[in-house]
Amino acid sequence: MDTTMTSLPPTVAPAAPPTAANRWWRSYGEQWRRAPGNAVYLIAVFALAMTAVSVLASLFWTGVALIILVVGLPIVVAALLVARGLGLGDRFLLRLTDQRDIPEPEWSRDRPDQNGFWMTLTRPLRVAHYWAYLAHGMIVSPLLSIISFTLTVTWISVAVGGLTSWVWLLIAPRGSGGRWGRAATEGIPGLFGGAAPVAVQILLSVIAGLVFAFTLPWVLRGLTIAHHSIAESMLGRWRSDDLAAEVRAEAAARGAAVHAEDVALRRLERDIHDGPQQRLVRLQLDLAALERRAAAGDGEAAAELAREARGHAQAALDELRALSSGVAPPLLQDRGLAAALSAVAAGVPLSVDIRIDPRIDEVVSPEIARTVYFTVSELFTNTIKHAGATSASLHAFLREATPQTMGMLDVLVTDDGRGGAQTVAGHGLAGLAERVAGLRGELVVQSPVGGPTTVGVHIPLPGMPA
């Protein structure tokens, strides 16, 4: 009987966790990796600061001196614009370091309609960010840059000079070196055991070079952090910017919603005029003719007119029901958005892939639900009328909220039609985009010629928990 011996593979011991010393040296190595970028930034920002203080001081004080002659106002505005450009240069140079990017501030808090010559000219005077950039470029950055440049050059010079001092002192002409060594041996007799002054100076220089080289990455990083902190507070985005942007977004959304509602009401008025109203006028005429036939005793003609009148009344009733469903669809009110969207997709005479997250009813407000329902209905109507599609899909899902971003409702309607759909002002897709914009959302159309066409509706959900 054959016996097969199977040996187990050797067990690999798990790697030992890094010790505190290993973590410290790894962190120190990371500081050295960032040191060249920090050094280049500290030197470059000094040159930029010296340029900024000379240019801005000349422009600004010249404008102030000539302000009484009116011509000084444009010069002051020019100084503020130049300060903005120089501040952007400082923020760009900060990308050489490992510091995070500084967010862009809001440069205008005017309404979109406030774009006249005088408003545009005086905008830098009315926006605090321009003055903060001016103060940074004309006062703060030069002072800080002088200090940081001096420390940077000192630390690099001592580190490099100290570590290479033995080369220069050994090749220097006899008697020309060793002054510091001679002073040290004379100041502290017996400490160096009668060593030559040159040797003492080499020893002290190398020790100083080692100390300065060892601490160099920390010094460079500390100076860079100081620059970044000040730049972030003076050149970055303020909390008031977010509030102003929120107000403008709300105003824009409100304006889009009002315009979209006005267009919808005009369309409803036109549809009522062209549909049920004409049916009711015809019904009124038929009833008048029926009354005359009945009075004349012509029962057969009266019965025929009654049948026609009933048909017109039924048609008017059907049209009114269709129009009322565009105002307040009962299914949406009774069962929610998920069921209403499923019903819309199921009623399309195409093969439709339906994927809807049932959780949308828990976080979507009635206003959002109504807009999404009407938008999807209109998109499917356009697909049937214009796309020549054989299949479509409807996907509705939630994008989870995070501490930094708001939750989103994403609805995608896709068809395999001929494509080429465009958002043209005054046409259907533009009206849908305005409806969605009224909720601070976005309608995105991707429709290359030949298809497929995908229309995405993306609406923020302020009440969705993170």
Side-chain angles (χ1 to χ4, degrees), residues 245-265 267-268 322-348 352-383 392-415 423 428-446 453-466:
E246 186 78 12
V247 170
R248 283 199 305 276
E250 287 290 349
R254 187 163 52 250
V258 170
H259 184 265
E261 199 65 28
D262 180 66
V263 172
L265 289 175
R267 179 179 176 181
L268 179 61
L323 291 175
S324 66
S325 67
V327 177
L331 184 60
L332 178 62
Q333 294 181 339
D334 297 339
R335 298 182 55 191
L337 179 59
L341 292 180
S342 298
V344 169
V348 175
V352 181
D353 176 32
I354 305 173
R355 301 180 188 177
I356 300 176
D357 188 340
R359 297 178 301 159
I360 62 177
D361 291 328
E362 301 174 5
V363 296
V364 172
S365 66
E367 293 79 10
I368 295 177
R370 199 160 43 245
T371 297
V372 171
Y373 174 83
F374 293 144
T375 302
V376 171
S377 300
E378 186 69 21
L379 289 175
F380 275 124
T381 300
N382 292 341
T383 298
S393 65
L394 169 62
H395 297 168
F397 51 92
L398 297 174
R399 202 185 315 170
E400 300 296 336
T402 67
Q404 292 78 27
T405 60
M406 193 179 300
M408 297 285 289
L409 171 64
D410 297 314
V411 181
L412 303 178
V413 177
T414 304
D415 66 70
T423 304
L429 287 178
L432 295 180
E434 286 186 344
R435 268 186 180 270
V436 176
L439 297 172
R440 300 181 61 185
E442 183 181 16
L443 186 138
V444 180
V445 180
Q446 297 178 347
T453 295
T454 299
V455 180
V457 179
H458 311 283
I459 300 177
L461 302 174
M464 185 174 179

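Closest non-hydrogen pair, Met406 versus Pro460, comes out as SD-CB, 3.5 Å. Annotation for Ala396 and Val411: closest pair CB-CG2, 4.0 Å, computed over non-hydrogen atoms. Minimum interatomic distance between Ala369 and Val364 (heavy atoms only, all atoms of both residues): N-CG1, 3.5 Å. Taking all atoms of both residues into account, the shortest heavy-atom contact from Ala345 to Ile354 is CB-CD1, 3.5 Å.
Between Thr454 and Val413 there is no side-chain heavy-atom pair separated by less than 4.5 Å. No side-chain heavy atom of Val455 sits less than 4.5 Å from a side-chain heavy atom of Val444. Residues Thr383 and Val348 fail the side-chain proximity criterion, which asks for heavy atoms closer than 4.5 Å. Side-chain contact between Val372 and Leu337 is present, with heavy atoms from C-beta onward closer than 4.5 Å.
With sequence neighbours excluded, the residues forming a side-chain contact (heavy atoms from CB on, under 4.5 Å) with Ser377 are Val344, Tyr373, listed by chain and number. In this structure Asp410 satisfies the side-chain hydrogen bond (donor to acceptor under 3.5 Å, both in side chains) test together with Arg399, His458, sequence neighbours excluded. Under the rule for a side-chain contact (heavy atoms from CB on, under 4.5 Å), the partners of Ser365 that lie at least two apart in sequence or sit in another chain are Glu367, Ile368.
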Task: Test side chain to side chain contact (heavy atoms under 4.5 Å, CB included) applied to Ile459 and Val436, step by step - done: CA-CA 7 Å; Ile459 300 177; Val436 176; 4.0 Å; yes
Open item on the list: The test is side chain to side chain contact (heavy atoms under 4.5 Å, CB included); show your working for Val352 and Ser393 and say whether it passes.
Closed with: CA-CA 5 Å; Val352 181; Ser393 65; 5.6 Å; no
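In this structure, CG in Asp357 is found 8.5 Å from CD in Glu362, a value given to the nearest 0.5 Å. The CZ atom of Arg359 sits 11.0 Å away from atom CG of Leu409, with the distance rounded to the nearest 0.5 Å. Atom CD of Glu400 sits about 10.0 Å away from atom CG of Leu461, to the nearest 0.5 Å. To the nearest 0.5 Å, the span separating CZ on Phe380 from OG1 on Thr375 amounts to 12.0 Å.
A donor-acceptor pair is defined here as one N or O able to donate and one able to accept, closer than 3.5 Å; no such pair exists between the side chain of Asp353 and the backbone of Leu394.
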